[in-house]
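Single-structure report; data block below.
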Amino acid sequence: WRLLPDYRFDPLSGLWRHRAGAPEPPLSLRDINYSEATPHSAHRHREPESALSGYLTQAREILNSSKGHAETMELSPDFEHLRWFWLPQEIAASSTR
């Protein structure tokens with residue numbers, strides 16, 4: 001819930017997207033290279049297990065520094081009638097209390 005203000009909601013598609021942009025697109029068959037004995041794909045990133053502690057430290061820092069910078073979203077009354085989830089500005093407002 002603390003990360004929700006970092007996301008934008010598109011009511012037309014129903015998708016949430018991070019403010020920094022879209023992640024890498026999903027793999028397709030064109031992304032697989034069969035020129036070697038063992039097939040590998042173009043964007044499957046692998047790190048050693050020793051990198052995990054650094055990622056956890058980074059995640060804690062992100063959560064602790066989340067200041068709730070949320071853009072205000074205006075939705076139609078019809079949409080509001082159906083909405084069951086919190087919007088980023090509601091999370092940001094409740095976390096500053």
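Side chains included, hydrogens not; waters and symmetry mates left out as well; all remaining heavy atoms used.
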If hydrophobic clusters are built from ILVMFWY residues whose side chains come within less than 4.5 Å, do Leu75 and Phe85 share one? yes
In this structure, would Trp84 and Trp86 fall into the same cluster of hydrophobic residues linked by side-chain contacts under 4.5 Å?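 Result: yes, single cluster for both.
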Hey, could you give me the [atom1]/[atom2] distance between [X] and [Y], rounded to the nearest 0.5 Å?
X	Y	atom1	atom2	answer
Glu90	Leu4	CD	CG	9.0 Å
Arg17	Tyr7	CZ	OH	12.0 Å
Arg83	Ser76	CZ	OG	11.0 Å
Asp6	Ile62	CG	CD1	8.5 Å

Where do Glu80 and Leu87 land on the side chain to side chain contact (heavy atoms under 4.5 Å, CB included) test, with the steps shown first? CA-CA 11 Å; Glu80 283 292 345; Leu87 293 174; 4.2 Å; yes
Aromatic ring pairing Phe9/Trp16, orientation class (parallel under 30°, perpendicular over 60°, tilted between): tilted
Looking only at heavy atoms, what is the nearest atom pair of Ala20 and His18, with distance? N-ND1, 2.9 Å
